[in-house]
Amino acid sequence: MTAREVYLDNSATTRTDPRVLEAMAPYFSEKYGNPNSLHKYGREARAAVDTARAQTAALINAEPADVVFTGAGSEADNLAVKGAAWALREKGKGAHIITSAIEHHAALSSVKWLGKMGFEYTILPVDGRGMVSPDALEAAIRPDTTLVTIMFANNEIGTIQPIKKLGEVCRRHGVMFHTDAVQAAGHIKIDVKELPVDMLTMAAHKMYGPKGIGALYVRRGIKLIPTLHGGGQEFGLRSGTENVPAIVGFGKAAEIAKARLDAGADKKLAAMRDYFIEGVLSKIPETRLTGAAGDDRLPFHTSFVVKYIEGEGMLLLLDAAGIYASSGSACTSGSLEPSYVLLATGLDHATAHGSLRLTMSHETTKEDIDYVLEKFPPIVEKLRAMSPFYNK
Amino acid sequence: MTAREVYLDNSATTRTDPRVLEAMAPYFSEKYGNPNSLHKYGREARAAVDTARAQTAALINAEPADVVFTGAGSEADNLAVKGAAWALREKGKGAHIITSAIEHHAALSSVKWLGKMGFEYTILPVDGRGMVSPDALEAAIRPDTTLVTIMFANNEIGTIQPIKKLGEVCRRHGVMFHTDAVQAAGHIKIDVKELPVDMLTMAAHKMYGPKGIGALYVRRGIKLIPTLHGGGQEFGLRSGTENVPAIVGFGKAAEIAKARLDAGADKKLAAMRDYFIEGVLSKIPETRLTGAAGDDRLPFHTSFVVKYIEGEGMLLLLDAAGIYASSGSACTSGSLEPSYVLLATGLDHATAHGSLRLTMSHETTKEDIDYVLEKFPPIVEKLRAMSPFYNK
Amino acid sequence: MYNQKVVDYFMNPRNSGRIEDASAIGEVGNPVCGDVMKIYLKINPQSEVIEDIKFETFGCAAAIATSSMITELAKGKTLANALKITNKDVADELGGLPAVKLHCSLLAQEGIQAAAADYYMKRDGKLPAGLSFPESSMSNGGAEEERFVSEDSRAAD
Amino acid sequence: MYNQKVVDYFMNPRNSGRIEDASAIGEVGNPVCGDVMKIYLKINPQSEVIEDIKFETFGCAAAIATSSMITELAKGKTLANALKITNKDVADELGGLPAVKLHCSLLAQEGIQAAAADYYMKRDGKLPAGLSFPESSMSNGGAEEERFVSEDSRAAD
Ligand SMILES: Cc1ncc(COP(=O)(O)O)c(C=O)c1O
Ligand SMILES: Cc1ncc(COP(=O)(O)O)c(C=O)c1O
Ligand code: FES
Ligand code: FES
């Protein structure tokens, strides 16, 4: 038993809010109908899906009919990227896609797969803070460019992109613009009526909703080719019996998130984040923040590189102290490369290996943070004492 | 309020068994970690997924490492059909696919989409009982045939295909064989060590598990190209954060289903099914069973065509009597054609419009059936009285 | 998906059945879905008022509800006035129909037209100017690969 | 993913640190992941017994655990016998490593080899027959598009 447990891996997944679970509960064993059935059980399931769609749409100020539920955030990214790329190529608009070096695998691997299917693509670099330059985007647009996909905020380094400016560039050139807002949605204000984005990805489990449900906002009038074929659910864009409880949970999570944002909870969290960052940097020498700071950073997100040591060791020792974190140094999908995101921001391999991500929730308290600030420095000391690179 | 409620739409979706929900419950708000995280929360989630994979595999006597979880039964069909077709074409093995006329949209539309991507396909006919002929399959195999996908049991008419024989034909010709067992898994015994199938689709919500989770059995050694790209979860075949609670629920549902099958519960249900069919046919003149009978039919499945009237009217009047059924005459995805499955069995349009499906669960009682047998005939009478085709 | 009024007109159909000594019978088929409606009229030869009207319908619940509604609307009207009832009137009177079910209401409108045509053909051997046997030209949209938006897109299970 | 013994050898590393007056130092890098290990030996010039051994490792938990294990295994052995310890011995002694972490144990084996090479080079100006500076040839498998089966395939979030 540890004295305290502090879950700081909210970029990986969040705790389902008990109010969300409560909203979902009746749809498993009581109101368990298939929304496509005509009878009472089907109708009550359909009504629940309709309500949840409206709630989810409201979070980003979209119309309900413009929100498509998918089985994961990754699936929404795949649908947006492949669905638009295929549809636009079929119309003879071209086959060039632009993305950035720090996209999530769901977008990046989709683009690369399209590369195998005869599409061309450009991967834009980022600066030291992980920012994509709107000018660089503009310069990369070609006459045959059809689609740009650039994430709203990054999962590893918390950087929020200049989405409005990037979208404006796309609009100016008549290019479709998708943004992966899995880390941003529910955590910072997003208004698709104001932002020039055509498609936007969300995932409930990153905002205190359930796992296994994503959503894609698709601006009215946009035609996509589905990636999942079948019965024609979700406006024909995502076949498969609707995951009613999870959809209901998404709706509830979106409703709660919206109320929180309206109450300015993101500002409070950002203040705690800055206290946390300040504490880590001052207590642990030769450590730096990765990604952007201030308003350009997700309010719940901190991430660091700690020199001379590796992330995994920190994770395990923190784990033993009841502190649950993650590291970009971990192998992703069996690869042992350090995070491509960190490398893209200009870090060398060895430094990138020392990455640690600590991402808060609305349940994180100042006491939790102080506990981490007490336990973390000696852990670093212990590991550095074993490092051949550290000058004792 | 109606006197009794009888849910007879278990082919559409089933009630989540309360024991399944109980198993899932802790994974929302207590053990909510991402299985890919190294810390305690991640490890307990990973352990839960491993257990559920073993339970799910055991239902069909497969090895755990050969079961891939997906976001829906439809997605597993898409992955099997497209994943194998792409992979085999890439290896230069050919690009011809064989399927049947009564497949679920998830398989059929996947095949048709591949048709647009340069593949060729053959759609095998079925006989009056909805059976695919192994001889017809053998005759359709060409040198460039790579993949056959034929469902284990049909959702609309309950017919169980001669999977062993069909698989043997495929084996003989070195062709890969996928079967969509969404309606069969958990309801009849399936053993992939005995059956010559290479891939097999399941969906938890058709067997008293949760919605939003499917599984694909993939025989060892088979390479697929993923349809959903990203972080590389599920052996690289299905990216996206694992839906831990739903996976746990699938495992539990599989465990319960296996115990039931081992106890011969399918035989009992089949006896009730035959009592039900017998009752309907004897009480309502000019009505016939659609699909096969006896051992060639799913034990929980009944389906009929009632002459001179349409399905929707029956559904609504049954609904008013607390009986929840479905009909193949309903528009599927906004189309108003009667079910292509019924047409494929040789029914004319008008007769096919009069279809009704009543699918039982393990909770259905003889009293429920007797209640339906009491309420259903006058409903038919009432509608027939309005029909221009009925000779009073 | 149906509102209460539609359900009521389907559950408790008005004027269903036949008129054995009908002055005219109209039979129409819906080209979209293959459904069929028959309308029986009893017409006062002097006033041309529809004194009795009955229907038989092989179709969906919307078809039955709209059949039942149009008989109510037409009863007591002169044939000329009954012919002015459009499928939209019927749908509106029912408080609206789901988008995919709008075509069903066409059966009702065309059923009256067909019965009227039968009446005039029997009486005069020809149709009055402006009246013809109905021939619907509705087609079924919604290609599967395209994004399909509808308030009620039922899907396969 | 690590068993208890691995965790123990990582959490409570044996023989970590430096030997200031080491007889030999070996430094190896892991070509798979870029990690680095340094081994310090204090060797009895007569018996060639390893009297003291320490390590410094920049690497994952498995690298640290295997470093700590090999120092324990090698301590008190003659150099010749220590050189017979394979990475498999180290992994087995730890009760096994996850598949993706097997390569880490190579650092330990090669660290001893490198230190021994350093010892002989310093002493004789050349390596004894059969001993060379280690050069690993492990490569990283698992092309992304292929089905990737591993007991522990961690994924991105
Ligand atoms: C035979 C068959 N295959 C596939 C599916 C698709 O399953 P899901 O809707 O869960 O994606 C279904 C049911 O919808 C089915 O009955
Ligand atoms: C930025 C970003 N995009 C997409 C995803 C994919 O979401 P999911 O794992 O729910 O499919 C994630 C998280 O995993 C993410 O952080
Ligand atoms: S579907 Fe044919 S009339 Fe309604
Ligand atoms: S990952 Fe580099 S030594 Fe283990």
Side-chain angles (χ1 to χ4, degrees), chain A residues 7 9 12-18 21 28-29 32-34 36-42 70-75 77-78 104-106 109-110 113 203 205 210-214 227-232 236 239-246 312 315-316 318-319 324-326 330 332-334, chain B residues 7 9 12-18 21 28-29 32-34 36-42 70-75 77-78 104-106 109-110 113 203 205 210-214 227-232 236 239-246 312 315-316 318-319 324-326 330 332-334:
Chain A
Y7 181 82
D9 201 9
T13 196
T14 57
R15 174 173 187 240
T16 300
D17 188 311
L21 183 55
F28 288 100
S29 309
Y32 54 84
N34 184 322
N36 304 302
S37 296
L38 218 58
H39 50 64
K40 181 184 133 186
Y41 280 65
T70 65
S74 298
E75 199 192 318
D77 280 347
N78 276 253
H104 188 268
H105 280 294
S109 302
S110 292
W113 182 72
H205 76 101
K211 294 177 178 61
I213 189 80
T227 47
L228 207 168
H229 293 86
S239 291
T241 300
E242 293 88 341
N243 188 351
V244 182
E312 196 189 70
L315 287 191
L316 291 181
L318 286 168
D319 178 66
Y324 308 123
S326 67
T332 59
S333 332
Chain B
Y7 181 82
D9 202 8
T13 196
T14 57
R15 174 172 187 239
T16 299
D17 189 312
L21 184 55
F28 289 100
S29 310
Y32 53 83
N34 184 323
N36 304 302
S37 295
L38 218 58
H39 50 64
K40 181 183 134 187
Y41 280 63
T70 66
S74 299
E75 200 192 317
D77 280 347
N78 275 253
H104 189 267
H105 280 294
S109 302
S110 292
W113 182 72
H205 76 102
K211 294 178 178 61
I213 190 81
T227 47
L228 207 168
H229 294 85
S239 291
T241 300
E242 292 89 340
N243 189 350
V244 181
E312 196 188 69
L315 286 192
L316 291 180
L318 286 167
D319 177 67
Y324 307 124
S326 68
T332 57
S333 332

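A, B, ... follow the sequence lines: proteins, then strands. Residue 1 opens every chain.
Both the backbone and the side chain of Leu228(B) have a heavy atom closer than 4.5 Å to some heavy atom of chain A. Leu318(B) does not touch chain A: none of its heavy atoms, backbone or side chain, sits under 4.5 Å away. Of the atoms belonging to Ala203(A), not a single heavy atom falls under 4.5 Å from chain B. Residue contact with chain A, scored on non-hydrogen atoms closer than 4.5 Å, involves the backbone and the side chain of Asn243(B) alike. Residue Thr70(B) does not touch chain A at all, counting heavy-atom pairs closer than 4.5 Å. For a residue to count as touching a neighbouring chain, one of its non-hydrogen atoms must lie under 4.5 Å from one of that chain's; by this rule Thr227(B) touches chain A with the backbone only.
Classified by interplanar angle (parallel below 30°, tilted 30° to 60°, perpendicular above 60°), the ring pair His39(A)/Tyr324(B) is tilted.
No other option in Pro18(A), Gly73(A), Gly33(A) has as many heavy-atom pairs under 4.5 Å with chain B as Gly33(A). In terms of heavy-atom pairs under 4.5 Å with chain A, the best-connected choice from Ile213(B), Leu316(B), Thr14(B) is Thr14(B).
Using a distance-only test at 3.5 Å, with no hydrogens or angles considered, a donor-acceptor pair links the side chain of Asn78(B) to the main chain of Ser74(B). Between the side chain of Ser239(B) and the backbone N or O of Gly232(B) there is at least one donor-acceptor pair closer than 3.5 Å. Distance alone, capped at 3.5 Å, places no donor-acceptor pair between the Asp77(A) side chain and the Ala106(A) backbone.
Of all heavy-atom pairs spanning Ala246(B) and Pro210(B), the tightest one is O-CG, 3.7 Å. Closest heavy-atom contact between Ala12(B) and His205(B): O-CE1, 3.4 Å.
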